[in-house]
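Report on the following structure.
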Amino acid sequence: MESGYYAALTGLLARSQALDSVADNLANAGTAGFRAERDYFRDALVGSQANHSQLNGVVNNYGVLGGTMLDLGQGPIRETGNPLDLAIQGHGFFAIKGSNGISYTRDGRLQRATNGQLVAANGDPVLNPKGKPIVLPAGRPIVGSDGTISVDGAGAGKI
């Protein structure tokens, strides 16, 4: 395939991949805890003989998608009225224990399960800093800005 065609095809492929990322970001914009992906591009030099090519360097240097990076910027924080709906300001994640081990999320839609465990929206237990599930006694929970949970004035754990 000629170098010019290859450059055009690769540019089209990179832009198609970038469009897929934008579509995914838009489709999930309202999803709690969703982290958008940002594309970055890089240049590629075609082959080791590209400098000796009769074609000019502009044809041989073309944009290729370098990959995507997770956007860890602060998302919107909204008041819900549920004392266990939490948001993290700045950097950080909630640790949860799933079927495949510990995972991390920024989705703060938490609730108290029937057994008293603090669980994520999918039902997985939320973990304290020591990696143990948090169990809340009956009562109204209050979560402090440092992640300390108290129920009716008594300390119940920390996220």
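The CD1 atom of Ile149 sits 7.5 Å away from the CG atom of Leu84 when rounded to the nearest 0.5 Å. How far OG1 of Thr105 is from CZ of Phe93: 8.0 Å, rounded to the nearest 0.5 Å.
Shown here for Pro141 and Pro83, the closest heavy-atom pair between the two residues is O-CB, 3.6 Å. Closest heavy-atom contact between Glu37 and Asn25: O-ND2, 2.8 Å. Closest approach of Asn115 and Val135 over heavy atoms only: O-CG1, 4.3 Å. In terms of heavy atoms, Leu136 sits closest to Ala156 at CD2-CB, 3.9 Å. The two residues Gly139 and Asp152 make their nearest non-hydrogen contact at CA-OD2, 3.4 Å. Shown here for Gln117 and Pro125, the closest heavy-atom pair between the two residues is OE1-CB, 3.7 Å.
With sequence neighbours excluded, no residue forms a side-chain hydrogen bond (donor to acceptor under 3.5 Å, both in side chains) with Ser103. Checked against side-chain hydrogen bond (donor to acceptor under 3.5 Å, both in side chains), Asn100 has no partners two or more places apart in sequence or in another chain.
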message: side chain to side chain contact (heavy atoms under 4.5 Å, CB included), that's the test. Do Leu110 and Leu86 meet it? Break it down for me.
response: CA-CA 7 Å; Leu110 309 180; Leu86 306 178; 3.6 Å; yes
- prompt: Going through the checks in order, is the side chain to side chain contact (heavy atoms under 4.5 Å, CB included) test met by Leu127 and Ile134?
  reply: CA-CA 6 Å; Leu127 304 176; Ile134 299 170; over 6 Å; no
- request: Start with the C-alpha gap between Tyr104 and Ile96, add the side-chain angles, then the distance that decides, and say whether side chain to side chain contact (heavy atoms under 4.5 Å, CB included) holds.
  value: CA-CA 6 Å; Tyr104 300 92; Ile96 59 173; over 6 Å; no
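Judged as a side-chain hydrogen bond (donor to acceptor under 3.5 Å, both in side chains), not a single pair has a partner in residues 89-98 (not counting sequence neighbours).
No donor-acceptor pair under 3.5 Å is formed between the side chain of Asp124 and the backbone N or O of Ala120. Between the side chain of Arg106 and the backbone N or O of Gly92, at least one donor-acceptor pair lies under 3.5 Å.
Counting heavy atoms from C-beta on, the side chains of Ile159 and Phe94 come closer than 4.5 Å.
None of Arg78, Arg109, Gln111, Glu79 except one satisfies the side chain to side chain contact (heavy atoms under 4.5 Å, CB included) rule with Asp85; the exception is Arg109.
Side-chain polar atoms of Asp146 and Thr148 form a donor-acceptor pair below 3.5 angstrom.
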